[in-house]
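Residue numbers begin at 1 in each chain, while the letters A, B, ... track the order of the sequences. Both backbone and side-chain heavy atoms feed into the values below; hydrogens, waters and symmetry mates do not. As the structure is a computational prediction, the values presented were derived from the model and not from experiment.
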2 protein chains.
Amino acid sequence: MGGRRVGIVDVARRAGVSVGTASKALNGRGQLRSETRERVRLAAHELGFVPSAVAASLLSGRTYTVGLIMTDHHGRFSLPILHGAEDALGWGETVAFVCDTRDDPIREQHYVRSLIRRRVDGIIVAGRRTEARLPLVGAPTVPVVYAFARSADPEDCSVVVDEAAGAVTAVEHLVRTGRRHIAHVTGPHGHASVRARVEGTHRALRAAGLDLVGEPWYGGWSEVWGRFAAAALNRAHPEVDAVFCGSDVIARGVADGLRENGRRLPDDVALVGVDNWAPVAEACRPPLSTVDLNLREVGRVAGTLLLRAIEHGPQAGLHTVGCRLVVRASSAPS
Amino acid sequence: MGGRRVGIVDVARRAGVSVGTASKALNGRGQLRSETRERVRLAAHELGFVPSAVAASLLSGRTYTVGLIMTDHHGRFSLPILHGAEDALGWGETVAFVCDTRDDPIREQHYVRSLIRRRVDGIIVAGRRTEARLPLVGAPTVPVVYAFARSADPEDCSVVVDEAAGAVTAVEHLVRTGRRHIAHVTGPHGHASVRARVEGTHRALRAAGLDLVGEPWYGGWSEVWGRFAAAALNRAHPEVDAVFCGSDVIARGVADGLRENGRRLPDDVALVGVDNWAPVAEACRPPLSTVDLNLREVGRVAGTLLLRAIEHGPQAGLHTVGCRLVVRASSAPS
């Protein structure tokens, strides 16, 4: 509030040059003597002149803004992606409009139109699941990068996590620390993440000359499913000495279920989860070893690809980020 | 990226009017015959013309953008505030640049400068704790509203939660459902939230003619603290028939600690937490009754006040939002 903003006119007057010259001097454009450029910059500094990004964008054709469309209400997946994108976008050099569609396609369309009206330079779409999703409707004029959930159109640019490789890392870790009877308790049958993790589990066991204990246990993404599965698994396969779980939440239920059925963790049974979601992995008893999906890195790569697409044109195709294992007490050798 | 954007010049040419007239027609400004206005709108529609918000903002002096500065990395507090603010800002009529300072004052300054350069109409600062915070540095030219964490300057506009009243609601609920020996297990001694909840607890008990069982148990915001406190509380005060906990996370630890010490929940002991953080409250055994801090409503009020400040000037002072009790199985009457 407080007073009129200092404008380019004030700067030009103080420096004794035309408005056009002042503008060129501050934008680093045009042919000017370096003394002139310096005089204008000094005047701007003395007056506390803040150049308007709005006006600058009319010159450059870029607004140095992007849209980040997130779909998960709780931000568990989108926020790390946002943080990684912020790193890539240079901490405020380019800033992100964040729109939460709450998984509602009507809201998504509405936000896309709003972002296009604001002339964003590009859009990142952060998914909350790894299923392929339909491309954005109505955003053909700016580059779009899909992060975590890939676009169903292979001509689009998507950044995904290699989830099968993450499962391989988890199982290799269990085998290397002496476990031989490994079971897999996971989420709903149809999910892309679930399928990828089952595939990686089988691949790693085969490479070690082992078989999975029983079939994969498909269920829900919940602690209660983990507890039920642990009780049944312990009855059906008392030889089990490790469980790779499809999520940290499931693993926490498995930990409680095994303990309440008389198994000691990690002595009798080792556990590894997926997500590295701190409130769950750290509160688990014992604290949970887990596969980190590297979502911040997904966001960083998505931001980098988006900037490249804005400057150099489409970066089509599927870009893959690896997982990493975080070891805590639940998988200590017995 | 496909072809040149349709511009106002194209619209004017198709409608057979000057660029100035086309612009007036689309902005609803100036004195024009309604046939002319209609002809321009029809031409814009036929050409798929998307008006540029950047250009429009140069006319109106407003950009219809705001900054949302968040401080908590995991978004537990900031995201519901963002959602509420989105509701108030009209779903894309005004959109929010979201900047996560990760509690770093250098990043905060950097982002504030970046937002000011982009001529945001205002800024919402979403805290992750209820302690008063220092006002933003360097944002004197646009209205600022502080959400959840109030500004230390009473001349600023802050929206806070009435946490003491939330504690009163929780204790009243326990008393009304038949509990008489109520203890309080909570977070670190110095926190503003902790003090407010202790104060509300005492007030509600006094009004019911009861005393707190023992002193408040101050500790950390963790499950492990909840478990330790439950074991010690059960030993020191076996008559306890209810525990009001300073957070859902603490309450979940108290639930496990009491159960593992032979108490049945809710039959022997009822529990109420604070936060209504679904992953914890719903996974608690039994599911947890809890005080919801209404953060989305905090965001909605902050967004509404910010728009009012943008249009009508400062809305100084402290604005308070009430809590609400969410009842689940943990506080069923015995």
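At a heavy-atom cut-off of under 4.5 Å, chain A is reached by E223(B) from residues 219-226 of chain B, listed in order of number.
The distance from the CG atom of L82(B) to the CG atom of D100(A) is 6.5 Å, given to the nearest 0.5 Å. In this structure, OH in Y111(A) is found 3.0 Å from CD in E86(B), a value given to the nearest 0.5 Å.
Across all non-hydrogen atoms, the minimal contact from T94(A) to R118(B) is CA-NH2, 4.0 Å.
A salt bridge links E260(B) and R285(A); the closest N-O separation between the charged side-chain nitrogens and carboxylate oxygens is under 4.0 Å. Salt bridge status for D87(B) with R102(A): present, with a side-chain N to carboxylate O gap under 4.0 Å.
No more than 12 heavy-atom neighbours from other residues, nucleotides or ligands sit within 6.0 angstrom of CD on E155(A).
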For this session: Report the C-alpha separation of V95(B) and R117(A) in whole Å, then their side-chain angles, then the decisive distance to 0.1 Å, and conclude whether the side-chain contact (heavy atoms from CB on, under 4.5 Å) test is met.
Result: CA-CA 11 Å; V95(B) 291; R117(A) 254 178 49 78; over 6 Å; no
For this session: Kindly indicate, with the supporting measurements, whether the criterion side-chain contact (heavy atoms from CB on, under 4.5 Å) is fulfilled by M70(B) and L79(A).
Result: CA-CA 11 Å; M70(B) 57 191 269; L79(A) 272 186; 4.0 Å; yes
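In terms of non-hydrogen atom pairs under 4.5 Å with chain B, the most contact-rich of A96(A), G253(A), P80(A), S78(A) is A96(A).
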Under 3.5 Å, side-chain donor or acceptor atoms of residues 273-282 of chain A against the rest of the protein: list the pairs with distances, not counting sequence neighbours.
unit_1  : atom_1 : unit_2  : atom_2 : d
D275(A) : OD2    : R76(A)  : NH2    : 3.0
N276(A) : OD1    : R328(A) : NH1    : 3.3
N276(A) : OD1    : R328(A) : NH2    : 2.9
N276(A) : ND2    : D292(A) : OD2    : 2.8

